[in-house]
Amino acid sequence: MVRQGYRPNGADPWPGGARPSCTIYAVISAALVHDWFVANARDLPWRRPGTTPWGVLVSEFMLQQTPVARVAPVWEQWIAEWPRPSALAATSRADVLRAWGKLGYPRRALRLHEAAAAIATRHGDVVPSDVAELEALPGVGTYTARAVAAFAYGRRCPVVDTNVRRVVARAVHGAGDAGPARVKADLADVDALLPQDDATAAVVSAGLMELGALVCTARSPRCGVCPIQAECAWLANGKPEYQGPRRPVQTFAGTDRQVRGRLLDVLRAADAPVPREALDAVWDDAAQRDRCLLALLEDGLAEQTDDGLFTLPA
DNA sequence: CACGCGTGGGT
DNA sequence: TACCCAAGCGT
């Protein structure tokens, strides 16, 4: 139901004077999201019956900032090769980084490797279902912990990612898009609309994400096929454009990230330690190149052998 | 909390 | 073509 001036949770979704002129808020029906998801969910590999909590955890690591289409084939290989945390933990970091391939942000691969070791040694090779225990694992933050609790263990748990934040910002708050993250308030917003039953709530959590990924998209939302269009505060407000501050789009060309990527690409492709000259060839600016190589060594993404050659970490 | 961290596809 | 963006995390 769309209402004037109604605020779920009483929280101010636009702190700091960024409040848009709209005054319409809405309560959206979890049942509609639930039924839409059951009918429209993508057939993703990690949603197949038989996927273990470990499989879910691996998918969530890979999906941190990497699109579904690129993750899917790599996930299949990882689960086939390392079906349990202990199997991954027994693998060298070099092999893990090579298997990570070009998913990006390779520090995630190291953290997943560390998390696997922690699960193997401290949790009996079983991925924890408790949010606090999950958050204690390296590379597992607010989102990933709750995603595993919900999707791997079917628990009622607010799962807030960029998709869900956008759906809530629009459908509930009537804004064009989500502003800067407000973790506590975002979790409370979603918690307020989840049904009580664990299994049903978990499906709704997946449905909210799927809705944001497929229908309530950032660029061209397909409101005409949206299951909650009749309740959507953004539609009721006339789809106002987002007014608040936007995080500046990160540049890439010329940044350390690009240089690190090129250096690491050389190390991944090499089947033996490489001399300095092989790395020097990928970037002209020597100072930047050296800084990046040093950073890779410090991050544990590269190592130097006794005879001065460079490799992926053992 | 704002920022840095890879990569490549869509528009 | 240049942007814009994609299931975040750690510091």
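The sequence lines fix the lettering, A, B, ..., with proteins before strands; numbering per chain opens at 1.
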Whichever of A:Asp299 and A:Lys102 has its nearest DNA chain B nucleotide further upstream toward 5'
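Taking each residue's closest nucleotide, the earlier one in sequence belongs to A:Asp299.
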Want to settle it: does A:Gly261 or A:Ala181 sit nearer the 5' end of DNA chain B, counting the closest nucleotide to each?
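Closer to the 5' end of DNA chain B: A:Ala181.
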d([atom1], [X]; [atom2], [N]) in whole Å:
| X | N | atom1 | atom2 | result |
| --- | --- | --- | --- | --- |
| A:Arg108 | C:dA6 | CZ | C1' | 10 Å |
| A:Tyr105 | C:dC5 | OH | P | 14 Å |
| A:Phe252 | C:dC3 | CZ | P | 15 Å |
| A:Asp177 | C:dC5 | CG | C1' | 12 Å |
| A:Leu97 | B:dG6 | CG | P | 11 Å |
| A:Leu103 | B:dG9 | CG | C1' | 14 Å |
| A:Trp100 | B:dC5 | CH2 | P | 17 Å |
| A:Leu63 | B:dG8 | CG | P | 17 Å |

Going through the checks in order, is the salt bridge (Lys or Arg N to Asp or Glu O under 4.0 Å) test met by A:Asp177 and A:Arg165?
CA-CA 8 Å; A:Asp177 218 330; A:Arg165 291 192 350 101; over 6 Å; no
Distance between the [atom1] atoms of [N] and [M], in whole angstroms?
| N | M | atom1 | answer |
| --- | --- | --- | --- |
| B:dG8 | C:dT1 | C1' | 16 Å |
| C:dT11 | B:dT7 | C1' | 23 Å |
| C:dG8 | B:dC1 | C1' | 15 Å |
| C:dA7 | B:dG4 | P | 22 Å |

Ignoring the backbone of A:Arg219, work out which of C:dC4, B:dC5, C:dA7 is nearest its side chain.
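Side chain of A:Arg219 sits closest to C:dC4.
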I want to verify a distance call: between B:dG6, B:dG4, C:dA7, whose nearest atom is closest to the A:Glu210 side chain?
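From the listed options, C:dA7 comes nearest.
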Taking any heavy-atom pair under 4.0 Å as a contact, classify [X]: base, sugar-phosphate, or nothing.
| X | answer |
| --- | --- |
| A:Thr162 | sugar-phosphate |
| A:Ala147 | nothing |
| A:Gln258 | nothing |
| A:Pro106 | sugar-phosphate |
| A:Trp46 | base |
| A:Phe61 | nothing |
| A:Leu263 | nothing |
| A:Leu264 | nothing |
| A:Ser59 | nothing |
| A:Thr144 | sugar-phosphate |
| A:Arg42 | base |
| A:Val71 | nothing |

Quick check on [N]: is either OP1 or OP2 less than 4.0 Å from any side-chain nitrogen or oxygen of [X]?
| X | N | result |
| --- | --- | --- |
| A:Arg165 | C:dA6 | no |
| A:Gln65 | C:dG8 | yes |
| A:Arg260 | B:dG6 | yes |

Please determine, by modelled atom types, if [X] and [Y] share a side-chain donor-acceptor pair under 3.5 angstrom.
| X | Y | result |
| --- | --- | --- |
| A:Asn40 | A:Glu210 | no |
| A:Tyr143 | A:Glu60 | yes |
| A:Arg108 | A:Thr66 | yes |

Can you tell me the base-pairing partner of C:dG8? Count Watson-Crick or G-U wobble geometry only, both distances below 3.5 Å, and say none if there is no partner.
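Looking at the geometry, C:dG8 pairs with B:dC5.
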Is the shortest side-chain N to carboxylate O distance from A:Arg48 to A:Asp43 below 4.0 Å?
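Between A:Asp43 and A:Arg48 there is no salt bridge, as every charged N stays at least 4.0 Å from the carboxylate O atoms.
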Any N or O donor-acceptor pair under 3.5 Å from the base of B:dT7 to the side chain of A:Arg70?
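Result: at least one qualifying N/O pair found.
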Going by modelled atom types, is there a donor-acceptor pair between the base of B:dG4 and the side chain of A:Thr255 at under 3.5 Å?
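Donor-acceptor pair under 3.5 Å: no.
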Hydrophobic clusters here meaning ILVMFWY residues chained together by side-chain heavy-atom distances under 4.5 Å, can you tell me if A:Leu301 and A:Tyr105 are in one?
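No; tracing contacts between hydrophobic side chains, which count when under 4.5 Å, never links both residues.
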For A:Arg291, does the CZ atom sit with more than 12 other heavy atoms under 6.0 Å from it, leaving out its own atoms?
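Counting neighbours around CZ of A:Arg291, more than 12 heavy atoms of other residues, nucleotides or ligands fall under 6.0 Å, so yes.
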Check: A:Arg155 side chain, A:Ser129 main-chain N or O, donor-acceptor pair, under 3.5 Å:
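Present.
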For A:Ala213 and for A:Arg111, find the nucleotide of DNA chain C with the closest heavy atom, then tell me which residue's nucleotide is more 5'.
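This one resolves to A:Ala213.
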